[in-house]
Amino acid sequence: MSILDIRVLGDPILREETRPVGEITDGIRALAKSMFDTMYLAKGIGLAAPQVGRTERMAVIDVDDKPMVIINPEIVESDPKTAKSEEGCLSIPDVYGDVERPSRVKVRALDLEGKEFEIEAGDLLGRCLQHEIDHLHGKLFLDYLSVLKRRSAMAKWTREKDKYPGFIRKLENDPSLTHEHPDEEL
Ligand code: K1U
Ligand code: ZN
């Protein structure tokens, strides 16, 4: 098992555009495996390459026990109807916000064999696809919040960010994974 460090808000890589994956090499397959290991340990449902300091245009997702790798994904259709729901981000631990997004999207991507596929999804999977594809273009859920909600999310992050020196979240000593919830403490 290979666990990668997660980059947190403030690391410039989270705001950069990724580069399309050309050939799907053993290195890309190994990266996907390490990203799954990292995502599961962090208790996430998705993880995009920039979150682990990589510039490849790829992400891993697992909603409802259906692991999926999306390489060079594109949203090819978006429902004009929108839905609002709470999101978190493994790169902004303990900060949450309600994000309005298209209710359903159709995504075209390559799998780890280099085969093109399309997936149409709403609900949590549709939201997760959009959240991960945003990461691949340097966009974060905070960008969708109103000025007031964004300000309060940033105030919360100001209180959290010192736990992550160098904008690096090391999962082996991560406070939100290793500490009990305050309500569960005596
Ligand atoms: O990319 C990431 O930062 C992962 C992120 C993805 C995501 C969360 C919520 C809505 C859309 C996309 C997470 O997995 S954060 C963990 C989390 O919020 C969550 C975990 C299990 C079920 C639902 C949400
Ligand atoms: Zn995220």
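Just follow the structure's listing: the first ligand is 1, and inside any ligand the first atom is 1. Predicted model only: the values in this text are computed from it and were never measured.
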Does Y144 have R101 sitting over its ring (NZ/CZ under 6.0 Å from centre, angle to axis within 45°)? yes
I'd like to check which ligand 1 atoms, numbered from 1 as shown, lie under 4.0 Å from a non-hydrogen atom of E132. 1 (O), 2 (C), 4 (C), 6 (C)
Just verifying a value: how many Å separate M35 CE and S2 OG, rounded to the nearest 0.5 Å? 12.0 Å
Angle subtended at the Zn ion (ligand 2) by H131 NE2 and C89 SG, to the nearest 10 degrees, is 120°
Among all protein non-hydrogen atoms, which one is nearest to atom 10 (C) of ligand 1, and what is the separation to 0.1 Å? E87 CG, 3.7 Å
Has G46 got any heavy atom lying under 4.0 angstrom from an atom of ligand 1? yes
Using heavy atoms and a threshold below 4.0 Å, how should the contact between Q51 and ligand 1 be classified: side chain, backbone, both, or neither? side chain
Looking only at protein heavy atoms, what sits closest to atom 9 (C) of ligand 1 is G88 N, 3.9 Å
min-distance protein heavy atom vs atom 16 (C) of ligand 1 -> K43 O, 4.0 Å
Can you tell me which residue and heavy atom of the protein come closest to atom 3 (O) of ligand 1, and the distance to 0.1 Å? L90 N, 2.8 Å
What distance separates K139 NZ from L136 CG, expressed to the nearest 0.5 Å? 13.5 Å
Kindly confirm or rule out an N or O of H131 lying under 3.5 angstrom from an N or O of ligand 1. yes
For atom 22 (C) of ligand 1, closest protein heavy-atom neighbour: I45 CG2, 3.8 Å
Using a strict cut-off of less than 4.0 Å between a Lys/Arg side-chain nitrogen and an Asp/Glu carboxylate oxygen, indicate whether E113 and K115 qualify as a salt bridge. no
Do D174 and R169 meet the salt-bridge criterion of a basic N to acidic O distance under 4.0 Å? yes
Nitrogen or oxygen atoms of L124 and ligand 1 under 3.5 Å apart: no
Basic-acidic side-chain contact under 4.0 Å: R150, D143: yes
Any idea how H131 and H135 line up, ring-wise: parallel (<30°), tilted (30 to 60°), or perpendicular (>60°)? perpendicular
Could you grab the distance from atom CG of D98 to atom NZ of K149, nearest 0.5 Å is fine? 6.0 Å
So if I count the atoms of ligand 1 from 1 in the order they appear, which ones are less than 4.0 Å from some heavy atom of G44? 14 (O)
